[in-house]
Amino acid sequence: MAEKQQYQIYHTINLIPEGKVASYGQIADLAGLPRRARLVGYYLKHCQATENLKWHRVIKSSGQIAFPPGSERAKVQSENLAMEGVVVKNGRVNMKKYQWTPDITDILYKLKF
DNA sequence: AAGCTGACGAATG
DNA sequence: ACATTCGCCAGCT
């Protein structure tokens, strides 16, 4: 049950293309879990396989990095994003420019529910 | 079983 | 632009 949700969330996150970002709420919605932005954060925090998860492409809807500015984790995330061409300035990114806007057919094809 | 917490979000001043 | 407040809801205690 909860495992299924967790899988959907991780799967959805990994659909975010390089050079783009998505918000927690956006991921929750796409994963079929509306109003569950915090749940996305919860699962990300507790997940093990961070190695193969593109968690750094997930940020707040405001464009802010979810970690305290200057913290180690915020730094790592910023660097990962910068590596993909996403400009991070003062711990936040230009959503207008970098927010992932998934193609409807893309989603219907890749997520089956 | 009731209360607390939080890698959130939107509205408000 | 920034801080506060409030709503949200699964999972923990």
Side-chain angles (χ1 to χ4, degrees):
Chain A
M1 173 88 172
E3 305 242 329
K4 179 82 174 181
Q5 299 181 337
Q6 197 169 7
Y7 172 80
Q8 288 288 11
I9 288 173
Y10 293 155
H11 188 358
T12 306
I13 289 175
N14 276 339
L15 291 184
I16 307 172
E18 183 175 328
K20 292 288 180 185
V21 297
S23 74
Y24 291 85
Q26 186 182 355
I27 294 302
D29 289 347
L30 290 173
L33 303 165
R35 288 180 251 90
R36 251 145 292 186
R38 304 188 90 130
L39 189 61
V40 174
Y42 180 85
Y43 283 143
L44 276 190
K45 179 175 199 178
H46 292 84
C47 79
Q48 302 286 19
T50 12
E51 272 55 330
N52 13 354
L53 233 197
K54 315 290 185 200
W55 61 270
H56 55 277
R57 296 177 187 161
V58 185
I59 62 181
K60 294 194 189 184
S61 63
S62 60
Q64 289 279 141
I65 300 289
F67 301 107
S71 69
E72 199 52 44
R73 314 210 41 176
K75 243 183 286 185
V76 173
Q77 183 164 16
S78 302
E79 286 169 13
N80 283 328
L81 287 173
M83 233 180 299
E84 300 182 347
V86 177
V87 177
V88 183
K89 184 175 100 177
N90 296 334
R92 70 188 144 84
V93 316
N94 185 329
M95 290 299 270
K96 200 86 159 115
K97 179 165 176 135
Y98 296 109
Q99 183 168 45
W100 178 38
T101 52
D103 182 55
I104 178 66
T105 58
D106 194 28
I107 293 303
L108 289 177
Y109 174 70
K110 289 175 177 164
L111 299 176
K112 347 204 174 326
F113 55 79

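Chain letters run A, B, ... following the sequence lines, proteins first and then strands; every chain starts at 1. All figures in this text were calculated on a predicted structure; none of them were measured in a lab.
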Please output the side-chain donor-acceptor pairs of residues 80-90 of chain A that fall under 3.5 Å, not counting sequence neighbours, one pair per line with the distance.
from    : atom 1 : to      : atom 2 : distance (Å)
A:Asn80 : ND2    : A:Val76 : O      : 3.3
A:Glu84 : OE1    : A:Arg57 : NE     : 3.0
A:Glu84 : OE2    : A:His56 : NE2    : 2.9
A:Glu84 : OE2    : A:Arg57 : NE     : 3.2
A:Glu84 : OE2    : A:Arg57 : NH2    : 2.7

Set of residues satisfying side-chain hydrogen bond (donor to acceptor under 3.5 Å, both in side chains) with respect to A:Gln99, sequence neighbours excluded: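 Here the qualifying residues are A:Gln26.
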Chain A footprint on DNA chain B, 5' to 3' - any atom under 4.0 Å from a heavy atom: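 Contact span on the strand: B:dG6 to B:dA10.
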Residue-level proximity of residues 64-80 of chain A to DNA chain B when a heavy atom falls under 4.0 Å: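 Within this stretch, A:Ala66, A:Phe67, A:Arg73 sit under 4.0 Å of the strand.
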Check: residues 29-42 of chain A side-chain donor-acceptor pairs under 3.5 Å, at least two apart:
from    : atom 1 : to      : atom 2 : distance (Å)
A:Arg36 : NE     : A:Pro34 : O      : 3.1
A:Arg36 : NH2    : A:Pro34 : O      : 3.2

Base, sugar-phosphate alone, or nothing: which one does A:Lys60 contact when heavy atoms must sit under 4.0 Å apart?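 Sugar-phosphate only.
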Any base atoms under 4.0 Å from A:Ser23, or only sugar-phosphate, or nothing? Heavy atoms, all strands.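 Result for A:Ser23 = sugar-phosphate.
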Spell out, yes or no, whether A:Val21 and A:Ile107 are grouped together once hydrophobic residues are joined by side-chain heavy atoms under 4.5 Å, including indirect joins.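 A:Val21 and A:Ile107: one cluster.
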Going by heavy atoms in the side chains, are A:Ile9 and A:Leu44 under 4.5 Å from each other?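 Heavy-atom side-chain distance check fails, nothing below 4.5 Å.
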Is there side-chain contact between A:Cys47 and A:Leu53, with heavy atoms separated by less than 4.5 Å?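 They are in contact (side-chain heavy atoms under 4.5 Å apart), so the answer is yes.
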Distance (rounded to the nearest 0.5 Å) between A:Ile59 CD1 and A:Met95 CE: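 A:Ile59 CD1 to A:Met95 CE: 4.5 Å, rounded to 0.5 Å.
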Over all atoms of both residues, closest heavy-atom pair of A:Trp55 and A:Phe67: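 Minimum heavy-atom contact is CZ3-CE1, 4.0 Å.
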Can you name the closest pair of heavy atoms from A:Ala74 and A:Gly70 and give their distance?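 Here A:Ala74 and A:Gly70 meet closest at CB-N, 4.4 Å.
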Which nucleotides of nucleotides 4-13 of chain C have their base under 4.0 Å from a protein heavy atom (B), which only their sugar-phosphate (S), and which neither (-), written as one string 5' to 3'? ---BBSSSS-
Looking only at atom types and distance, does a side-chain atom of A:Lys20 sit under 3.5 Å from a main-chain N or O of A:Lys97, one as donor and one as acceptor?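 Present.
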